[in-house]
Amino acid sequence: MKVHYKINGKDYEFDIHPGKVLLDVLRENGFTEVKGNCYMGTCGACTVLINGTPKTSCTVLAAQINGAEITTVKGLGDILNPHPLQKAFVEKGAVQCGYCTPGTILAAYALLKENPNPTDEDIKKAIDGNLCRCTGYVQQVEAIKYAITLLKEGK
Amino acid sequence: MEKQVIGKNVEKIDALALATGQPVYADDIKLPNTLHIKFLYSPHANAIIEDIDTTEAEKLPGVHMVLTYKNTPQVYHTTAGQGWPEPSPYDTCMFNQHVRFVGDRVAAVAAESEEIALEALKLIKVKYNVLPAVFDPEEAMKEGAPIIHEENPQGTYDAKRNLVAHIEVKAGDVEKGFEEADVVVEHTFETQFAQHCPIETHATISYLDENGRIVIRSSTQVPFHVRRIVAQVLGIPVSQIRVIKPRIGGGFGSKQEIILEEVCAFVTMKTGRPARAVYTREEEFISSRTRHPMKITVKIGAKKDGRFTAIKMYALSNTGAYGTHGLTVASNTGSKTLPLYNKAPNVEFVADVVYTNLPVPGAYRGYGATQGYACLEQTVDMVAEKLGLDPIAIRKINHIRKGETSPIFEALGEGREGVVQYIESEAVDKLLELGAKEIGFYEKWGKKVRNGSKVRGVGMSLHMQGSGIPKIDMGSASIKLNEDGSVNVLYGGTDIGTGLDTVVAQIVGEVLGIDPKKVIVYPSDTDITPFDKGAYASSGTFISGSAVYNTALKLRDQILEVAKDMFGEQDSKDYILKDGFVISPRSGKRVSLSEIAYDTFYVKKQKQIMAVGSFVSESSPPPFAAHFVEIEVDEETGVITPIKYVAAVDCGVVINPELTKGQIIGAIVNGIGYALTEEYKFGENGKVLNPNFMEYRIPSSRDIPEIVPILVETYEPTGPLGAKSVSEININGPIPAIGNALYDALGIRLGSSPYTPDKVLKALKEKRK
């Protein structure tokens, strides 16, 4: 079957097997910035924004969200023009192996859209579903707080 | 000398690529005509395959190969990616007729898609002769127990008793030491199976290059060992294989193994087509590697003044169905712990490493020291209590100091004799003092502050580890100068997410006086970079960093030689390299590295300024860490909540504070998971019951306490620019520190980790009896 998505602002049409999850469809079509592996929605590495809301793409049927707007971490910024969250993660040592980073940044992005002044607890809650085995989360929380400052300064 | 580049928070050089989702990992590239590989696993803990029928599977359209023991090389090897000759037994075949745990590989299918491969697996018919299994190492050693490796593998100690290794190391006379003691304490503690859980699972892609050589792009910590072992298994020369390490999504030891590479390479060799194998999370739990569970008994004798007279440690290690890292992990249980208390003149370490029909433990951050410290550091607290000393005081009396040695260093290395070592950098007393102050140890210890059913307690533990394996681990690098004053560094080391590439850029930048942004680092590709043993044994900064440092010094000499000529001076010994220039303080003359490169490329004495260097260490300088934790235990629910965790760490000169802190905090959180929630649950048949993140709980952002890393710098003369290692040591603290805090809060000691609520409640009930 055919599905249409707007991904990172551009229109796409994919011919997919109806049983496929979004994660696989995205990765097979070159959106390898979406990581994954648990296929249970428990690690959060495959998080994307679907119509602005962070979802684990391994638990979403691709066919189910025909017509949706999808944002991956590449939709926030790229290596030449990074988003303040991406810059903050780099600067605060919040990227180690980096495998969880795209998903965590998207979860943080959705939080800041909704709540520009989150407490530490709000931040921890927002990224609670994004497991990280390298950083121990401390620098991730610091980075998200720092990104708030950058965003306010318009950087 | 003034530091130009090291000691500064240089941004991790690959961080922006990772944060913006560049296709950098093994499975991020897609090759046309790729065959996808999926595995069939044994449902039995111990069985002989009597018959395996793959004809139906082979007939399924899209299936290209079904691999079993019948059509794959029966080459016994070890999956442990260690230096050669490997200290682990040769007990594994790609596929074996004898399957030895639930999750052992029976067959694999290579097909046009994953879906087809999975379908084909269902069509394979296997007839098993199910044999009795043994899961308990004590049972497995007894006469009459099933013999798990009937083939008597090369490198096992006594296969008939399922003994992979037996270690006995003695210094002095422990029995005499215990007789001389005023108090003697003996304590037994068991640690559990656990998984590394890197968020990226194992992933390998292989293909033929234009000349028909096999290229393996793999999520590995040990690319050079992969090349050697795959060549061994496939029976082809090393020259026919190239191993590329892309960015790695974490390893923590699990990727110090050859698990997918040999299968992918075999499929590519047989079909000429690219092959891809990626483990699911469930496969990671069942069929990759775990941590060696151990039952450890520590006996300590001490005089009234607190000085230890003897320490005896016995470790019984369960190495599951295969002996990978079995001997060496158990060696480290003694060698990385016992020298810490070198005031005891009588020391004995004995270990047995035993096969069982359970999943396979391998290398895991901490590498046996984690298990050793879990018991040792609680026993030390028990001795202190008997003597009326506080935990910090007893450690101050007994810990090793700068200029001192331990007989254990010489007696016990990694699977063989060790080397004589003297401690050349150490700040243990300072670690203890700063850590105690930060947590408020003396204000809180013994106070049992209560809030309803919740009671607070504090605990601490002390640790050392090591940096690299002396006289075994080798790293090398080459560096060349470009005409804009930048340099290309090709080194064999393996950054698996730790930031080693950045540390390398800083070390080179420091030696050459250039911005690390001008250091272009190219890590481990077996065709292109020189050799390195890989990422393990806390050796990244120490071994690979030293190799790069030595190479940068050679390059520096070549640069100075040219500058001397350009300046028309006699000698270059007082020249300074700074901000991309060579400066002569005598004459005030200066020339940029860019001008030097232009001169040597195009003008005079034309040549490429380039150097190759290596490093192998004579010693394994230990980092030290004092850990302190405040916890709250709920007497009604049994739940332990860490409130604050402090780690004071001596890792020599700090190359990059932010990256160093990241290593410390990450290891602590990994350790907290191991202490409180992470454990394998097995069914009666040895099947893993919780192979997913729902039921195997690793810490999430809301599970972590306040964590304070304190970096205490020393100067390690054998390390690059004074550095030691930091990545492993900090996983060792949470089990003993939380265990000691639990005793402080409730007066109970649990006999095993993890400290789950049911164990706490049971211990409380027993105490109240």
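- Looking at B:Ile199, the atoms closer than 4.5 Å to chain A (heavy atoms on both sides) sit in the backbone and in the side chain alike.
- Ranking B:His196, B:Glu706, B:Lys661, B:Glu282 against chain A, the residue ahead of the rest is B:His196, based on heavy-atom pairs under 4.5 Å.
- Listed for the A:Glu69 side chain is no donor-acceptor partner under 3.5 Å among the backbone atoms of A:Lys6.
- Salt bridge status for B:Lys12 with B:Asp501: absent, with no side-chain N to carboxylate O gap under 4.0 Å.
- With respect to A:Lys20 and B:Glu115, a salt bridge is recorded, a charged nitrogen being found less than 4.0 Å from a carboxylate O.
- Contact annotation for B:Ile704: both backbone and side-chain heavy atoms come within less than 4.5 Å of a heavy atom of chain A.
- By number of non-hydrogen pairs under 4.5 angstrom with chain B, the leading residue of A:Val138, A:Val141, A:Leu85 is A:Val138.
- Atom NZ of A:Lys55 is surrounded by 12 or fewer heavy atoms from other residues, nucleotides or ligands within 6.0 Å.
- Sparse packing is recorded around CD of A:Glu114, with 12 or fewer heavy atoms of other residues, nucleotides or ligands lying under 6.0 Å away.
- Taking the six-membered ring wherever Trp is involved, the centroid distance between the rings of A:Tyr12 and A:His4 does not fall below 6.0 Å.
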Starting from the C-alpha separation in whole Å, work towards a yes-or-no answer on side-chain contact (heavy atoms from CB on, under 4.5 Å) for B:Ser218 and B:Ile205.
-> CA-CA 6 Å; B:Ser218 189; B:Ile205 285 174; over 6 Å; no

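- Ranked by heavy-atom pairs shorter than 4.5 Å toward chain A, the options B:Ile698, B:Ile665, B:Thr20 are led by B:Thr20.
- Here the two rings, on B:Tyr364 and B:Phe252, have centers that are 6.0 Å apart or farther.
- Looking at A:Thr101, only its side chain comes within 4.5 Å of chain B, counting heavy atoms on both sides.
- Looking at A:Ile105, only its side chain comes within 4.5 Å of chain B, counting heavy atoms on both sides.
- Counted by atom type alone, B:Gln663 and B:Thr660 present zero donor-acceptor pairs between their side chains at under 3.5 Å.
- Judged purely by atom type and a 3.5 angstrom limit, A:Gln139 uses its side chain to pair as donor or acceptor with the backbone of B:Glu658.
- By number of non-hydrogen pairs under 4.5 angstrom with chain A, the leading residue of B:Thr280, B:Ile248, B:Val24 is B:Ile248.
- Contact count against chain B (heavy-atom pairs under 4.5 Å) is highest for A:Asn37 among A:Thr42, A:Thr32, A:Asn37, A:Val90.
- A cation-pi geometry, defined here as NZ or CZ lying under 6.0 Å from the six-membered ring centre and within 45° of its normal, holds between B:Arg291 and B:Tyr674.
- Counting heavy-atom pairs closer than 4.5 Å to chain B, the top-ranked of the candidates A:Val73, A:Thr72, A:Asp128, A:Val95 is A:Asp128.
- For chain A, no part of B:Asp495 is nearby; none of its heavy atoms comes within less than 4.5 Å.
- Across B:Asn9, B:Asn692, B:Ile707, B:Leu659, the residue that shares the most heavy-atom pairs under 4.5 angstrom with chain A is B:Asn692.
- Most heavy-atom pairs under 4.5 Å with chain B, from the set A:Lys124, A:Glu33, A:His17: that is A:Lys124.
- Using a 4.5 Å cut-off between heavy atoms, A:Lys125 contacts chain B through both its backbone and its side chain.
- Only the backbone of A:Asp78 comes within contact range of chain B, with heavy atoms under 4.5 Å apart.
- Residue contact with chain A, scored on non-hydrogen atoms closer than 4.5 Å, is absent for B:Arg247.
- Comparing B:Glu114, B:Glu284, B:Glu200, B:Glu11 by how many heavy-atom pairs each has under 4.5 Å with chain A, the most go to B:Glu200.
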